[in-house]
Amino acid sequence: MTTTLVDMGSQGAGSAKDADFSAYMSARQPALYRTAYLLAGDHAAAEDLLQTAFAKLYLSWDRIRDREALDGYVRRIMVNENNSLWRRAWKRREHATDTMPETGALDTYDDGMGGELWSFVQTLPPKQRSVVVLRYYEQLSEAEIADVLGISVGTVKSQASRALAALRARAPQSLHPHQPGDDAR
């Protein structure tokens, strides 16, 4: 990430709160930026999303008792903020074009920073995309995802199932292996 957020400890207050928050933010910013990028889909939006999440975290810093759960709290803020922004009509990511996208190359491991599969993940509805990002890119368990999103484990499973079905339907055959029964469709 090329820009950095304001170091809360250099604001003159010098309080323990500012020092603790600044230390947390410095230590966790790269990993949380990755999550923000995967949710938002581009670097500028990810920086804005992470900055908003850190600002909201700072406002709630004194009320948070379980410091071990901070990452989950920040992820929840980012998911909610991203979903809120995505609902706005001017923010929708669908764009009409005159040309079809290129097809062909087989991707290797997709870290979310590029690749053919990622273009399909970006087309998922916000809830499904959040589940896919948290499950397959952040490697969280279904229970952890349910906790972060404030939904049941069953909802996580159904959203993941729907997302994977949509990805299979949208992705060209070259991105997923032939499975028995495919010819019967």
Side-chain angles (χ1 to χ4, degrees), residues 1-8 21-22 24-61 64 69-97 101-102 107-142 144-151 155-156 158-167 169-171 175:
M1 187 160 141
T2 57
T3 61
T4 59
L5 300 175
V6 175
D7 179 9
M8 300 306 294
F21 179 79
S22 183
Y24 171 77
M25 187 178 71
S26 295
R28 298 302 301 150
Q29 188 171 352
L32 292 170
Y33 172 76
R34 179 177 180 266
T35 303
Y37 175 79
L38 292 170
L39 290 169
D42 72 69
H43 294 289
E47 289 175 0
D48 291 345
L49 187 60
L50 184 58
Q51 185 171 9
T52 299
F54 276 138
K56 288 187 174 197
L57 175 66
Y58 182 76
L59 294 174
S60 301
W61 191 257
I64 300 172
L70 284 172
D71 283 358
Y73 186 73
V74 174
R75 283 186 190 111
R76 176 69 185 256
I77 292 170
M78 288 192 295
V79 167
N80 289 344
E81 283 296 311
N82 187 60
N83 289 348
S84 175
L85 288 173
W86 199 88
R87 285 185 194 113
R88 296 179 187 154
W90 57 269
K91 188 68 174 173
R92 295 230 161 79
R93 294 181 179 96
E94 295 179 19
H95 303 285
T97 64
E102 292 181 17
D107 288 338
T108 56
Y109 173 75
D110 189 357
D111 64 358
M113 299 300 185
E116 193 172 345
L117 184 58
W118 179 244
S119 65
F120 294 105
V121 172
Q122 290 177 310
T123 65
L124 293 173
K127 282 185 181 181
Q128 290 177 13
R129 182 176 178 174
S130 297
V131 169
V132 168
V133 165
L134 295 174
R135 180 70 182 112
Y136 298 102
Y137 288 94
E138 290 298 311
Q139 302 295 315
L140 297 182
S141 69
E142 290 168 339
E144 290 170 324
I145 296 168
D147 187 49
V148 167
L149 298 179
I151 57 178
T155 302
V156 170
S158 68
Q159 291 293 314
S161 175
R162 288 183 187 129
L164 292 176
L167 290 174
R170 293 177 190 158
L175 286 180

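Because only heavy atoms are used, hydrogens play no part in the values below, and waters and symmetry mates are left out as well, while side chains stay in. Just so you know, residue 1 is the first one in the sequence shown, and it goes up from there.
Taking the salt bridge (charged side-chain N to carboxylate O under 4.0 Å, His left out) definition, one finds that E144 meets it with nothing, sequence neighbours left out. For the side-chain hydrogen bond (donor to acceptor under 3.5 Å, both in side chains) test, residues two or more places apart in sequence or in another chain that qualify with D71 are Y24, R28. By the side-chain hydrogen bond (donor to acceptor under 3.5 Å, both in side chains) test, T155 is found to be paired with S152, residues two or more places apart in sequence or in another chain being considered.
In plain terms, the two heavy atoms of A166 and L124 that are nearest each other are CB-CD2, 3.9 Å. The two residues A40 and A46 make their nearest non-hydrogen contact at CB-N, 3.8 Å.
Residue N80 holds its CG atom at 10.5 Å from CG of L39, rounded to the nearest 0.5 Å. With rounding to the nearest 0.5 Å, the separation of OG1 in T123 from CG in L167 is 6.5 Å. For the atom pair CG of D147 and OH of Y73, the computed distance is 13.0 Å after rounding to the nearest 0.5 Å. Distance check: L140 CG to R135 CZ gives 8.5 Å after rounding to the nearest 0.5 Å. Here the CG atom belonging to N82 is positioned 6.5 Å from the OG atom belonging to S130, to the nearest 0.5 angstrom. Here the CD1-CD distance, from I145 to Q139, works out to 9.5 Å after rounding to the nearest 0.5 Å.
Taking the side chain as every heavy atom from C-beta outward, L38 and R129 never approach each other to under 4.5 Å. For the pair F54 and Q29, the minimum side-chain heavy-atom distance is below 4.5 Å. Contact annotation: the side chain of F21 never approaches that of L70 to less than 4.5 Å [non-hydrogen atoms, C-beta and beyond].
Between Y33 and H43, the ring planes are parallel. Angles under 30° get that label, and only those over 60° would be called perpendicular.
Side-chain N or O atoms of R76 include one that pairs as donor or acceptor with a backbone N or O of L149 at under 3.5 Å. The backbone N or O of Q128 lies less than 3.5 Å from no partner atom in the side chain of R162, so there is not a single donor-acceptor pair.
Between the side chains of Y137 and T35, not a single donor N or O lies within less than 3.5 Å of an accepting N or O.
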